Amino acid sequence: MTDPRFELVGAKPQAEAAPQKMRRHRPPYSTAVLLALIVLPCLLAEVVMTRDPAYMDLAHCLVAPCREFIFGTDSLGRDIFSMIWYGGRISLTVGFLATVIATALAMIIGSLSALAPRWLDALLMHITDILLSVPSLLLVLFLQAFFRQNSVFTLSIVLGITGWMGMSRVVRTEVLQLRGCEYMEAARLMGGSFFYLLRRHLAPNFIPSLMFMAVMQFRSAVMAEATLSFIGLGLPLEVVSWGSMLSLAQQALLTASWWVVVIPGAFLLVTLVCVTNIGNHLRKVHSHGERNL
Amino acid sequence: MSEALLSIRDVHYTHRLSGGVSVPALRGVSLELQPGEIVGIVGESGCGKSTLARAVMGLLAPQKGEICYNGINVHHPQNMAEKRCLQQQRQMIFQNAALSLDPHFSVEEIICEPLRLAQLAPQQGSYREEAAYWLQQVGLDALFLSRRPQQLSGGQAQRVAIARALAARPRLLVADEPIAALDVSLQAQIVNLLRRLQREQGFGMLFIAHDLAMVRHLCHRVAVIYQGRLVEIAPTAELFRAPRHGYTKALLSAMPLPDPRQEKQRQPQYYEQPVSDGGVWHQASPQHYWLAEDGEVGE
Amino acid sequence: MQPLLEVKNLKVTYDSASGPVQAVRDVSLQLQRGEVLALVGESGSGKSALTKSVMRLLPPSAAVEGEVLLNGTDVLHMPERHLRELRGKAMSMIFQDPLEVLNPVLTVRRQIAEAVRLHDPQADTEQRVRELLRLVEIADVERCAASLPHQLSGGMRQRVVLAIALAAQPQLLIADEPTTSLDVTVQAQILDLLKSLQERLNMATLLISHDLSVVARLADRVAVMYAGKIVEIGTAEEIFYQPAHPYTWALLRSLPGFSADEEELYALPGIPPTLIDPPAGDAFAPRNEYALAIDYEQMPPFFRLSETHFAATWLQDARAPRITPPLQRRCGE
Amino acid sequence: MNQRIFQLIKRLLIVIASILLLSVIVFTMSRLAPGDPLIAYYGEQAEKLSVEEREWAMERLGLNDPLPQQYGRWLKQAAQGELGLSYKYKQPVMQVISARMGNSVLLVGSSFVLLCVLSLLLGCICACYEDSLIDKLLRRSGIVFSCLPEFWFSLLLILLFSVLLPLFPSSGAHCIGRADSIADRLHHLVLPLAAVLISHAWYYAYLVRNKLCEEVRAEYVLLAKAKGLSRLRILLWHCLPNVLPGYISLMVLALPHILGGTYVVEAVFSYPGLGALIYESARYHDYNLLMVLSLFTGAVVIAANMLAQALNERIDPRTAGINTEVSYYD
């Protein structure tokens, strides 16, 4: 008498299951919301503003935050609340334009260097290194001389032209790395042309890191604009931006008008932190593996 | 003798590293591969066997010697048609399959890529059906079509790589250590798969491996490379039965056997002599050649 | 006699991206002084997790349950300070990839000397380093000692790792796939070296490999692991000549020397189960052509086949049909 | 030995070539800058010159010559230590710079050294206690502080510690008439130094921590542990040497940023150093001064770069001859 449980039934092949999906990084929702809360009103500044940001109400200079002036007024009697949104738009525009220019330059020079013959690569990277060795603010000061009066546009160009160096080095290393990839090699063997490789293999794999670099570039451009305007070498006082608002801060210190110093700076800081968070997410930094220590 | 599918004539290649250092990788290798034949290339790591594979694929240009596929010089195709022919009829699989698959492609796109590039019409109707057909050929379910390479295990990735290589219906497949990174049981799966597909499709194959165990079950002939030189070449059974070159003997004696009694008594032979540029070829039997050092007496 | 190493009901759970993985599921084994035990299994069978938990080298996120006794003292719950004295002195370990485990920026001399000095501060370090390098049969001791790891060949590196492991004359050597990354000829040399050292120093050795034929030369006893459990354990002769578990059969059959068919190699179909949610019955059943109905429902216990030979398969049950192992030895030609 | 000397000469040549190339770039930029070049020589009088007088002056000063010729002449003079006049200060440039140099060297030097030590230390602590409270704190603050514009942070410091709590002076390098008092100088140094340190140290510590945390995942840590080494010893003797070359390269790459940051801080604190000078010279279009300052800063960084490379090769011989690639972004 045989036990049915001991009947030979053999293998029951299961479909080869693919390993499960990697755990994705949670997108930084709260950061995105916070950033939207700053950026959207900036874009729609006209709707949000309560007063004309350029109007100097000399009767109300350095008014502390109150119901009428939510964020107070500066030493020229301008309403800081309105200026924040209006100036934010200008700061972000400068950052954006400068990033576009710098990214384009970095892409061109970095990939040229990676794909060019060795001597040209060495020369390009050497020049990049030399330009990198001068604090970029100094280069900006030189370049600004070309434009007598700074405008949003000229400042963006200057910041763009001085911002590509670090990025182009990274682009070069990335492109070199990708070029040596086995899947690129495989595609080349199958007869993929240069442009095919560029379009189908290089670009899709390159875009995430490019996005990260661009975001970081945006951060430094916004910061540079603020620094320059603060010192009085960026946007003039009449062109309201977060930086030019802060150029009044040093005088405000004497009267301990903290709101003139703190509020534009806080907006600047929060925006930059949000941007950095998003940049880090784009790069998908994950420490691989377990620590052995 | 029929026209060889692949002929490698006296190929020399030296790696030029930065700082003016040069490392010789291949020192005069000659080899012929007939259509539908599987030739195994065996040797220790760094002996130049991967360099040979890459030279055959045209990824490196040898400093001396020439490599012809079907009479076409691999490094200097005469016209567009020859170039096309090379690109379609000669395919490669790599040691680390996962790295040879673009992480942004789906399995379907990966398998169809060579077809699209060679502008070959899919034989199974649509590209998707063609990809499903090849997946089934390598023993994977059609469910995998939409997967990405990160979602594949090592063995699965290697199967997809094989499917991609075969989708273009090549006449020559170069396999650069396709099983070295896999577990023993998976190695057997891949070797069986390659063998079955080779029987069905009839392509010639250059199979590169560092160990003899699997080569024996796959290859018709085996070439042994040592320090950048071909030292022995023979039909598989013959090589295993009567190896001649000292290195081949060492290689064979080093193969571990699943037999503790025998293993515990075994005295492996080692071979560590350098191989010179000279040497004389001896013929041990019609297809069995081996390289003897000057002064070494061949039978 | 008290065994040198005793592992009791060891369970290791890792945290992975897709959930907790039960890498080791209730493993017990014993190792006597001077004995060589080989652990064999596919990658992912938990053999590395097992050895790493003996050395307590698992990352902090891994949860380890059970007992590991070395000379009767519990290793798992020992304070870090005591553990450090055991490591290197009572037990040491060599690894799969010697290039990865050697520090790339320190010379071989410094790396060995460090291990020497740690356990014997009075020793003449220079002298001892030379001795150790000679012990692992390195010919040009001075040149090797002054080299950096990347300047050495794979076999030399593994010898250096071995020298480090032997620095304080351990009683137990754990060798985690010591030859997997090496060429066949170098593999034979390293195995030879391990064998002669093991005999000379009378070290107990835990040898890990995914390839059964590699362990035949060294092992006194063999344990076969599948999906985090030991499925069969016995002396080397029992495992190679009278294997009882279908998984051992499959492992043996897939070796070229065993394949019944001159042409076709036997290939075990399918892939090992993920141990995130291990099946209720025998984890090997879905790939096992000799699976019984009960294999899908109930985990088989260990059946005792001899004093030393145990197999966890329902085929050994009195009620099960008799199966002749599908093995045909062809080796030795 | 011979090879080492050869290497050294090669390196020196590269440094010299780099500095020369830098001078070409900077010179060209300053000459191409619009504005009346004569202002640099005659000050405001230049605007009153007649056309003939201008022509004569341009001719005499060689400003009509092609640029390469002008550069050659400038280089010749520079080799003799004559770097021209500062328009604003009506003094030789070198004189203006050397008067301020001491203060800047004090601030930049002390902040750079402290920064290196502090970031390494913090990074090690965090890597040792990965994912602990202090580590999490550092990671967060690393991001925040890397987004903090130096000038604004300086303003906050002044607001807090000079205006609201008058603890430290808000400007200058020393009180009037107390230039010799070391204590007074240190007292003035506290806030600027804090501004530079705090706005940079966290960020670099964060980078060190990330590199170390990656290193801690390397396999060689397992062998070191299997030897019986303690955690601290593994971290300091095994992981750190692997991280150091990258760290040194990183700090050199960061040097221009830190210099730039220090210059801004100097300007905010009206600290009489080179930084304040740079902004003044830019504001008054004193290109001669600006050029020399840029050249000087760049030369320091280039020299530091070479030094770092030599140092790295001692720590990790594998990098010999290879440029250690460090991306600034990681």
Side-chain angles (χ1 to χ4, degrees), chain A residues 11-25 114 117-119 121-122 125-126 172-212 282-284 286 288-289, chain B residues 18 54 56-59 80 83-105 107 109-110 112-119 135 139-144 146-157 159 161 164-165 167-168 170 174 176 189:
Chain A
K12 288 184 187 165
Q14 297 157 328
E16 283 199 18
Q20 296 202 337
K21 255 202 156 133
M22 301 288 212
R23 198 189 283 166
R24 283 275 171 104
H25 275 260
R118 232 179 240 188
W119 64 268
D121 176 31
M125 279 303 115
H126 220 84
R172 173 178 168 272
T173 358
E174 286 281 318
V175 172
L176 274 181
Q177 227 167 47
L178 282 175
R179 201 177 65 150
C181 263
E182 276 189 5
Y183 60 82
M184 292 287 276
E185 215 156 59
R188 209 160 53 217
L189 284 176
M190 287 181 257
S193 66
F194 177 77
F195 288 104
Y196 173 83
L197 292 179
L198 194 72
R199 192 164 46 87
R200 294 286 292 162
H201 292 285
L202 196 73
N205 286 296
F206 186 57
I207 280 171
S209 55
L210 188 75
M211 288 293 286
F212 169 73
L282 284 177
R283 195 174 41 155
K284 288 186 202 122
H286 41 194
H288 15 258
Chain B
S18 59
R54 299 172 70 79
V56 168
M57 292 310 289
L59 287 170
M80 219 38 215
K83 208 169 167 181
R84 276 277 157 80
C85 164
L86 284 177
Q87 285 164 355
Q88 182 229 317
Q89 298 190 358
R90 191 187 50 158
Q91 297 288 334
M92 181 170 187
I93 49 182
F94 296 85
Q95 169 168 2
N96 193 336
L99 289 183
S100 73
L101 309 177
D102 188 324
H104 278 85
F105 276 37
V107 167
E109 287 172 304
I110 289 170
C112 293
E113 194 182 12
L115 291 176
R116 290 217 163 97
L117 279 171
Q119 287 160 350
L135 267 187
L140 290 178
D141 197 89
L143 279 174
F144 279 85
S146 53
R147 297 264 157 84
R148 309 257 155 195
Q150 310 89 289
Q151 295 168 276
L152 304 175
S153 69
Q156 291 166 343
R159 285 162 193 246
R164 170 178 66 182
V174 175
D176 186 7
Q189 284 181 7

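Worth saying up front: this structure is predicted, and the values here are computed from it rather than measured. The chains referred to below are lettered A, B, ... by the order of the sequence lines, with proteins before strands, and numbering in each begins at 1.
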(message) I want to check something: taking the side chain as every heavy atom from C-beta on, are Leu152(B) and Val107(B) in contact at a cut-off of under 4.5 Å?
(response) yes
(message) Using the side-chain contact (heavy atoms from CB on, under 4.5 Å) criterion, which residues pair with Pro103(B)? Sequence neighbours excluded.
(response) Tyr183(A), Asn205(A), Gln150(B)
(request) Against chain A, label Leu59(B) side chain, backbone, both or neither, depending on which of its atoms sit under 4.5 Å from a heavy atom there. (result) side chain
(request) Using atom types as modelled and distance alone, determine if a side-chain donor or acceptor of Gln151(B) lies under 3.5 Å from a backbone N or O of Arg148(B). (result) yes
(request) Could you tell me which residues satisfy salt bridge (Lys or Arg N to Asp or Glu O under 4.0 Å) with Arg54(B), sequence neighbours excluded, listed by chain and number? (result) Glu185(A)
(message) Can you confirm whether His104(B) sits close enough to Glu109(B) that some side-chain heavy atom of one is under 4.5 Å from a side-chain heavy atom of the other?
(response) no
(request) Can you tell me which residue pairs pass the side-chain hydrogen bond (donor to acceptor under 3.5 Å, both in side chains) test with a partner in residues 86-97 of chain B, sequence neighbours excluded? (result) Tyr69(B)-Gln89(B)
(request) Would you mind checking which part of Met57(B) comes under 4.5 Å of any heavy atom in chain A, side chain (CB onward), backbone (N, CA, C, O), both or neither? (result) both
(message) Do Asp121(A) and Arg172(A) make a side-chain contact, defined as non-hydrogen atoms from C-beta onward lying under 4.5 Å apart?
(response) yes
(request) Determine the option with the most heavy-atom pairs under 4.5 angstrom with chain A, choosing from Lys83(B), Arg164(B), Arg84(B). (result) Arg164(B)
(message) Does anything in residues 193-202 of chain A reach chain B? List residues with heavy atoms under 4.5 Å apart, or say none.
(response) Tyr196(A), Arg200(A), His201(A)
